[in-house]
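These notes concern the structure reproduced below.
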Amino acid sequence: MPENKSESKQTTVQHMAYEPYTVAMGPQHPATHGVLKLDLELDGETILECKPTVGFLHRGVEKLAENISYAQCLPLTDRLDYIAAMANNVAYSVAVETLLGIEVPLRAKYIRTMVMEMARLTGHLLWLATHALDIGAMTVFLYCFRERENLLDMFEEICGARLTTSYTCIGGVRQDVTGHFLESLHAFTDEFPSRIAEYETLIDKNRIWLQRTQGVGVVSAEDAVSLGLTGPTLRGSGVDYDVRKHMPYDAYPYVEFEVPIGSKGDVYDRYRCRMEEMHQSNSIIRQCIEALPPGPIRAEDAPDLVMPYGPQKVVEADATFSSGIIKLVEDRKRFIKGDVYVAAEVPKGELGFYFVSDGRGVPYRMHIRSPSYIHIGALPFLCKGQMVADVIAIIGSVDVVLGECDR
Amino acid sequence: MEPLEIAQKIRERFPDQVIQVEEHRGQVGVIVKKDRIVEMLRWLHDDPALQLNHLADLCGVDYLAKKDVRFEVVYNLYSIPLRHRIRIRAEVPEDDCRIDSVTSIWMGANWHERECYDLLGITFDGHPDLRRILLPEGWEGHPLRKDYPLDGGGKRWSGYEEVVEKSKRLRQHDFYGMYQDPTKKAGLEDARE
Amino acid sequence: MEILWILVKIIIVFAVVMLHVMYATYFERKVIGHMQVRMGPMRVGPHGILQPIADGLKLFFKEDIIPTVADKKVFYAAPLICLISALSAIAVLPFFEGFAIANINIGILYIFAMSSLASYGVVLAGWSSNSKYSFLGGLRSSAQVISYEIAMGLSLVGVMMMAGSLNLTDIVHAQMNSPFKVYLIPQIIGFFVFVVAMFAETNRTPFDLPEAESELVAGYCTEYSGMRFALFFMAEYIGMIVMSCLAVTCFLGGWSGPFEVPGIPFFWFLLKVYFFIFLYYWVRATLPRYRYDQLMALGWKVLIPLALFNIVLTGTIKSIFG
């Protein structure tokens, strides 16, 4: 037996010498932006393999949606990308309206475009804040939050909530915007380009920032499409795909904007794309404010739940909160069988809703194509051969939110 | 290209595979058999007149008691250069609940298919890493099936019991835990391991 | 009697340095806070002036958590090594004319020795925690400190050549007698290399890789808590103060100034030291973090050749004009 023993000892020593160092990054880690777990296999500081684990935040939104009405699903979408909930609301409403064939009044379209771009700004500001913090530039973090705070205050003004807005409804928006809101938003758009310039002075020409981002996490245009990347993450690789241009919804056909495209597909290009997108969003918001037409804010045939407004309606038996839902469920003539896939451009990428309707007031099947989910799926490809510090930069540059990923 | 034209082209190319073409709100879905799905999608992806290179979405649908064939795997395809779209719906019967994987065409299909397997129990042949993704490994059943109750059927996930056990054991590290917990000794031994 | 006087000196310096460490944290939070459009600590006392005391009390009374798998003896020793070596380096610093605890003739060498010892603390902390993040942090630190130690040592050779001494008091005197009154101007290359290496040596931004919070959680001190963590923290701040003092002594003429401030012999010294400490905070609020390989490349490919060039240049000029 002693021979065997020495042999086994030798093999273990050899095995030890070539064993990669595994590090479990997350689910509690400052830079994984939520409950994302990455199992890293390291050779020194180089990544041999990166295995993401998701699902810690899975709430079964799709299963829940099959049991409640279309209107009741809307608050669930707030909890997808909770950083820019407004954009999810719009995306969901557009999808349901396409399914039901509802034409939204023009004023509501403009308002929705406006709030969607505001949501894009909030999303991109938080992205820039955390991305810069991950790479080590901590001051940008607080600068970004200063502006994001202004936007959240404006959200609060129009719908009473800062994060979980549920502002839109099927066929329009819930509340009209006030003059004060438009004024403060206009003042914000006046100031915002100078704020972006402020962030750029801190990081854009910084040698360390350039060294940390250029040539890191490169993905070619072909691979990016094959991986299913969307949004600024895809456009950083030089693919001109923006749902707002390709499948225009709401007021996007009526506003002018450009889609910034990168070329190299590295972290820096994705960063530049998002920075340019903030300029474009700012300009879209301005155009929406200036071109906001008067008129109704909800389609007349919108089968949404009706909130009781005046006291005379509250005393009526069928005007309560719950009967509104029943009304929706029983309004059968509108709901016909069929399926649609409708996408919208949210800050993270293409948020798609695939609905199957069986003629009832509840979705028979709702599938959410969440960009974050696909982007995390692409992380093993992006991280291979990079260094530990680059993983942080790459996670930041593909911009993921785990609420959206895990659904 | 108009979606109905694409559907016509598919019908011409794979006459025995296409079952039906459905249109709803201007979107066209082609219901096909699952047998030659990879070949069909590769053709759609590579054909220069179609170039459906973006797999926008892949999901499964459970048509329990609604249709003869229970499951459908839905591929929403979009062409970024040519700006047209088509939906391919492959029928998957319950007794042969498997379909070929399209990860060889789109790398991004990997996680879509894992999700579909996890939530609906459709097996994808040729998938490199078919494991549960959103739910934990030990989960029983596939929640998005229509016969799976919303409340989970009163069953608890087996891992939950383990978590509860572990939390009881780790209570020894509480401020007063050493004196209150009768399982103190066992806990200490485990912690050393 | 001599020994008693030294002991009194040690106690005074120790107390003063510890007080400065306490308020260096407060100063940092205030400075960075104002740079980041916020106020910094405001709650404990007027303008949060008592915040460091509250922090100290909190850390002191925190539960001392030691991981079961840690190598206990080393785990206990690591923060002490850091702190003691950082504190020992203060002994040779001349704060004003004739005031240094130990006016030894190898002052610079002694400081280098002590700051190298401090890296042992970091490496051992990373090793003994038996945690993967700590281990990576410890490895990063050892590589970083070794390579930047060389650059730092070489950057000061020019100063030694000009002063002809390793004694810090002598260096200050030599500067006072030099034409520019400070070595900053003739030794500008050396000064640049020294300042960059100084940031790396104390593990501060942009070279804070050993404790890069977004990558390695907290690096080598991930598993430390309470008072043991505070020891690391103090060591870091004392390290900053020592490095600032060294920079002031070697390049900015130590305690000398444009005019004498009556009654406060260390006025100029303190002012210059606080300028450097402010520089630390300023850089922290501005710059992102280097990547590990870039840090190494900068050290070996830029700083060390620059420092060597500086030595050659100084030697040539000295042999021609001196």
Side-chain angles (χ1 to χ4, degrees), chain A residues 51-60 62-64 66-67 98-101 221-230 234 239-241 243 245-247 336-343 350 352-358 364-369 373-378 380-381 405-407, chain B residues 22-27 29 45 53-63 66-67 72 74-81 83-87 89 103-112 114-116 118-120 129 131-137 139 143-146 148-152:
Chain A
K51 293 181 207 145
T53 309
V54 298
F56 295 99
L57 210 58
H58 182 58
R59 291 146 296 174
E62 290 170 17
K63 183 77 177 173
L64 281 174
E66 289 173 12
N67 295 277
T98 312
L99 177 73
L100 306 182
E222 209 171 296
D223 286 337
V225 174
S226 173
L227 283 164
L229 303 180
T230 47
L234 176 68
V239 183
D240 183 6
Y241 176 56
V243 183
K245 286 280 190 199
H246 278 234
M247 288 161 269
I336 54 172
K337 289 185 185 180
D339 57 343
V340 287
Y341 172 79
V342 182
E350 174 186 347
F353 286 93
Y354 176 64
F355 283 110
V356 179
S357 166
D358 63 342
Y364 183 75
R365 170 87 167 95
M366 176 174 97
H367 183 256
I368 303 163
R369 183 246 192 251
Y373 182 74
I374 311 300
H375 289 176
I376 294 173
F381 181 88
C405 168
D406 294 348
R407 281 159 289 165
Chain B
E22 276 188 5
E23 193 186 358
H24 184 69
R25 308 282 180 209
Q27 300 189 1
H45 178 269
N53 58 351
H54 177 46
L55 177 70
D57 191 20
L58 189 161
C59 69
V61 184
D62 179 6
Y63 287 105
K66 295 252 174 202
K67 286 191 178 178
E72 255 179 23
V74 184
Y75 303 85
N76 279 295
L77 306 179
Y78 183 74
S79 167
I80 292 172
R83 303 197 175 196
H84 54 224
R85 60 164 63 242
I86 190 80
R87 177 155 54 246
R89 293 160 62 185
T103 43
S104 57
I105 309 171
W106 292 282
M107 281 190 272
N110 186 327
W111 277 33
H112 278 304
R114 276 180 72 183
E115 183 196 336
C116 192
D118 187 5
L119 299 178
L120 278 146
D129 181 28
R131 286 179 294 129
R132 284 190 180 275
I133 184 159
L134 291 174
L135 301 178
E137 287 292 331
W139 195 272
L144 276 184
R145 290 190 172 191
K146 288 287 173 184
Y148 190 94
L150 181 63
D151 61 354

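In what follows, every chain begins at residue 1, and chains take the letters A, B, ... in the order their sequences are listed.
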* Asked: Is it the side chain or the backbone of B:Arg132 that comes within 4.5 Å of chain A heavy atoms, both, or neither?
  -> neither
* Hey, does A:Tyr354 have a side-chain heavy atom less than 4.5 Å from the side chain of B:Val61? -> yes
* Asked: Which answer fits A:Glu350, side chain, backbone, both or neither, if we ask what part of it has an atom under 4.5 Å from a heavy atom of chain B?
  -> side chain
* Side-chain touch B:Trp111/A:Ile374, heavy atoms, less than 4.5 angstrom -> no
* Contacting moiety of A:Asp406, where chain B heavy atoms sit under 4.5 Å -> both
* **Polar contact flag, side-chain donor to acceptor under 3.5 angstrom, B:Arg87-B:Gln27** => yes
* Structure fact -> Looking only at A:Gly352, A:Gly60, A:Gly228, A:Gly338, the option with the highest number of non-hydrogen pairs under 4.5 Å against chain B is A:Gly338
* To do: Could you please spell out the steps behind the side chain to side chain contact (heavy atoms under 4.5 Å, CB included) verdict for A:Leu99 and B:Arg25?
  => CA-CA 7 Å; A:Leu99 177 73; B:Arg25 308 282 180 209; 5.7 Å; no
* chain B interface, residue from A:Pro52, A:Ser226, A:Gly55 that has the most non-hydrogen pairs under 4.5 Å -> A:Ser226
* What part of B:Asn53 lies closer than 4.5 angstrom to a heavy atom of chain A: side chain, backbone, both or neither? -> both
* Which residue out of A:Arg365, A:Arg369, A:His246 racks up the most heavy-atom pairs below 4.5 Å with chain B? -> A:His246
* Using the test ring pair (Phe, Tyr, Trp, His ring centres under 6.0 Å), find all partners of A:Phe381 that sit at least two apart in sequence or belong to another chain. => none
* To do: Show your working on side chain to side chain contact (heavy atoms under 4.5 Å, CB included) between A:Asp339 and A:Phe355 and close with a plain yes or no.
  => CA-CA 5 Å; A:Asp339 57 343; A:Phe355 283 110; over 6 Å; no
* With a 4.5 angstrom heavy-atom cut-off, could you sort out which part of A:Ile376 is near chain B: side chain, backbone, both or neither? => both
* Asked: What heavy-atom pair brings B:Met107 and A:Asp223 nearest, and what distance separates the two atoms?
  -> CE-OD1, 3.6 Å
* What part of A:Val356 is in contact with chain B, defined as an atom under 4.5 angstrom from a non-hydrogen atom: side chain, backbone, both or neither? -> side chain
* Asked: B:Arg145: what forms a side-chain hydrogen bond (donor to acceptor under 3.5 Å, both in side chains) with it, not counting sequence neighbours?
  -> none
* With only heavy atoms counted, which part of A:Thr230 is less than 4.5 Å from chain B, the side chain, the backbone, both or neither? -> side chain
* Asked: Checking heavy atoms, do the side chain of B:Glu23, its backbone, both or neither come under 4.5 Å from chain A?
  -> neither
* Asked: Does the ring of A:Tyr373 carry A:Arg407 above it, NZ/CZ under 6.0 angstrom from centre and within 45° of its axis?
  -> yes
* Let me know if A:Glu66 has heavy atoms under 4.5 Å from chain B in its side chain, its backbone, both or neither. => side chain
* Asked: So, does B:Asp118 use its side chain to make a donor-acceptor pair with the main chain of B:Ile133 at under 3.5 Å?
  -> yes
* Asked: B:Arg85 and A:Tyr341: side chain to side chain contact (heavy atoms under 4.5 Å, CB included), yes or no, with the steps?
  -> CA-CA 10 Å; B:Arg85 60 164 63 242; A:Tyr341 172 79; 3.3 Å; yes
* To do: Could you check which of B:Leu58, B:Ile105, B:Leu119, B:Val74 has the highest count of heavy-atom pairs closer than 4.5 Å to chain A?
  => B:Val74
* To do: Name the member of B:Asp62, B:Asn110, B:Leu135 that forms the most heavy-atom pairs with chain A at distances under 4.5 Å.
  => B:Asp62
* To do: Below 4.5 Å from any heavy atom of chain A, which atoms of B:His112 appear? Answer side chain, backbone, both or neither.
  => both
* Asked: Between A:Thr98, A:Val342, A:Val239, which has the largest tally of heavy atom pairs under 4.5 Å with chain B?
  -> A:Thr98
* Structure fact -> Of the listed B:Trp106, B:Tyr63, B:Tyr78, B:Tyr148, the one with the largest count of heavy-atom pairs under 4.5 Å with chain A is B:Tyr78
